[in-house]
Protein chains: 2
Amino acid sequence: MANIQQVAKQAGVSVATVSRVLNGQGTVTAKTRIKVEDAIKRLNYEPSMLGRNLRNSESRILLILIPKISNPFYSEIINGIETAALTHHYNILLCETDSNPDRENIYFDLVRKKMADGIISMDPAVNVESLIELAESYAIIQCSEYTVESGIPYVTIDNEEAAYRAVKHLIKIGHEKIALINSDEKFLYARQRQLGYRRALEENGIPISDHYIHHTQQIGFEYGQQAMRKIINLKDRPTAVFAVSDMLAIGALKEINNNGLNVPDDIAIVGFDKIDFSNMTHPTLTTVAQPMHKMGTIAAEMLISEIQGDQVESIILDHELVIRESTSG
Amino acid sequence: MANIQQVAKQAGVSVATVSRVLNGQGTVTAKTRIKVEDAIKRLNYEPSMLGRNLRNSESRILLILIPKISNPFYSEIINGIETAALTHHYNILLCETDSNPDRENIYFDLVRKKMADGIISMDPAVNVESLIELAESYAIIQCSEYTVESGIPYVTIDNEEAAYRAVKHLIKIGHEKIALINSDEKFLYARQRQLGYRRALEENGIPISDHYIHHTQQIGFEYGQQAMRKIINLKDRPTAVFAVSDMLAIGALKEINNNGLNVPDDIAIVGFDKIDFSNMTHPTLTTVAQPMHKMGTIAAEMLISEIQGDQVESIILDHELVIRESTSG
DNA sequence: CTGAAAGCGCTAACAA
DNA sequence: TTGTTAGCGCTTTCAG
């Protein structure tokens, strides 16, 4: 547990010189450098981030705000964030809010207390007012879920267009009775995806039946099941379902199977997100792929730029419709 | 961005007094306390963890080492860790090693550099020598995966017994030709679970066929599929499969379905872990439940105790066989 | 009950 | 090229 003082003494130089070789800057003679490096090795010295961080007024930590760690949608994004963070010598503090304002507040305090240098918010249920207030003093990026009016930079995809294409695909393969399993309309992405759904139907002269549109409180599996239960019992049963998340779609799939019906023969399904499991179901799920890894790396790069004082612009990334068994009937 | 100095000045007291009311200790008159609290509010002061941490030589951060964040098995454990950490005013640094030694080293350096106060290791592929060396100077807990000889405290379940019960269940419902999809034997849990499998068969007078035992390089979905492909093509096809992880089991299930066979009628399946998705497949998966949340909280409590200088004992938690559709034929 | 002052480990401005 | 020194923001010992 040596410190920089002891290394300096051991090497017969000043602490400033040690610091210089540590940070590879300033000018140091080869001979002095060797002496210092020797001393470092001999003492098994590791510079303390505690001292360095205080001196530099930074923590080199990025705070990631997600609603639920068990939602696989976030896994790949986090992976991307971590990769980018690591190359810039940042680390990530993973914070699960459970969409609980109290927890959220604890995490917000972390940046106020200089425990983190910035925030990547991915929680759709985030308290926007708090976020805006925080953004006045700290670096913040919105990832995937966002509010334009906040003025906080975001990285996301075109949800309306993505939903439009998904539903258009269903229409193209012959479906007209298409149900929508949406999440709560308080979320922007839910409103956007619903818009895309409507546009696809309208453009093709298919009337929109409100009883085909279901809203769930959350985007969990059970909620997809519940919604599908109601849809199956409809007098005029749809032949296809568009769910705004793979978790909902997988719930719907399970419910259809439980009722002895077949996907895609009786009911076709399209999901959203392309989580790992969308490829493990039977049948595999047609779904909209978001470039999650890229989204993560870009969000991290943006945040780091912002921390360094740069101005950053919001970005809208491409998406892709992945056609698989659940619509290939 | 006020600091403690400015608060002291504003309140007309010394920094020591401000520190005292901040930490709610030492003795401060009610009157002085009010003055200080007023100043804090007026200046919108938030104490900096950077200063505090340097002074206290701690980071209040727990480093969590996992191989893959997308593996849902870890989600619930992490959730448990976070809950416990939060109540003790610690935060968690999530580190995904990808079973890559270089990355692992970066993370190990983090504790050497005082960026983290301790480690919870859940990576089966961890470099045990490094871990042992690190454990001499830093607090470390092994969670789920462990090595006894390391002398590092662990929290886990009885893998041998759990596997034994899983296979015994298959035998009880009439199966004799039971295949095993195991992961690489370099992992302790793989060896333990194989032992349980063998004991169950032996106790019931069922001969062990080596061609019924398959090893996979990793515990991913595709590896389960691959293994199942070979098993299905066996001349003497098994009527049941025990997979040492749900991910493998779900891969096996998919492959069985792809071959037009039925679970559990043609082949029954038992998995391991009770990840969320084990309940979303069709049919739902019989599996061994590990108390993941509890495992996480306990690991965190143990680590925090160790950080505080206490001696901690390893713990073996209970498991439970959850019988669902994939064995209810 | 309160204040002065040292010091945690580091970086960087300034001087030599 | 190298050294001296101030100071990042906090806690805590020791005096008063």
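Throughout, protein chains are lettered first and strands after them, A, B, ... in sequence-line order, and every chain is numbered starting at 1.
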Salt bridge (charged side-chain N to carboxylate O under 4.0 Å, His left out) assessment of Asp98(A) paired with Lys68(A) = CA-CA 6 Å; Asp98(A) 257 327; Lys68(A) 265 232 153 304; 2.6 Å; yes
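When the P atom of dT2(D) is taken as reference, atom NZ of Lys31(A) falls 9 Å away, rounded to whole Å.
Side-chain polar atoms of Thr29(B) and Thr32(B) form a donor-acceptor pair below 3.5 angstrom.
Checking dT2(C), dG3(D), dG3(C) against every side-chain atom of Val28(B), the shortest atom distance belongs to dT2(C). Proximity note for Ile4(B) (side chain, C-beta onward) versus dG3(D), dT11(D), dG3(C): the nearest is dT11(D). Closest contact between the side chain of Thr27(B) and the listed nucleotides dG3(C), dC1(C), dT1(D) involves dC1(C). Closest approach to the Ala16(A) side chain among dT11(D), dG3(D), dT2(D) is made by dG3(D) (side chain taken as heavy atoms from C-beta onward). Closest to the Asn3(B) side chain, of the nucleotides dT2(C), dC10(C), dC10(D), is dC10(D). When the nucleotides dT4(D), dA5(C), dG9(C) are ranked by their closest atom to the side chain of Leu54(B), dG9(C) comes out on top. Nearest to the side chain of Val15(A), among dG9(D), dG3(D), dT5(D), sits dT5(D).
Between the side chain of Arg55(A) and the base of dG9(D), no donor-acceptor pair under 3.5 Å is found.
Judged by distance alone, with hydrogens and angles left aside, the side-chain atoms of Glu104(A) form a donor-acceptor pair with the main-chain N or O of Asn127(A) at under 3.5 Å.
Annotation: salt bridge (charged side-chain N to carboxylate O under 4.0 Å, His left out) contacts of Asp38(A) (sequence neighbours excluded): none.
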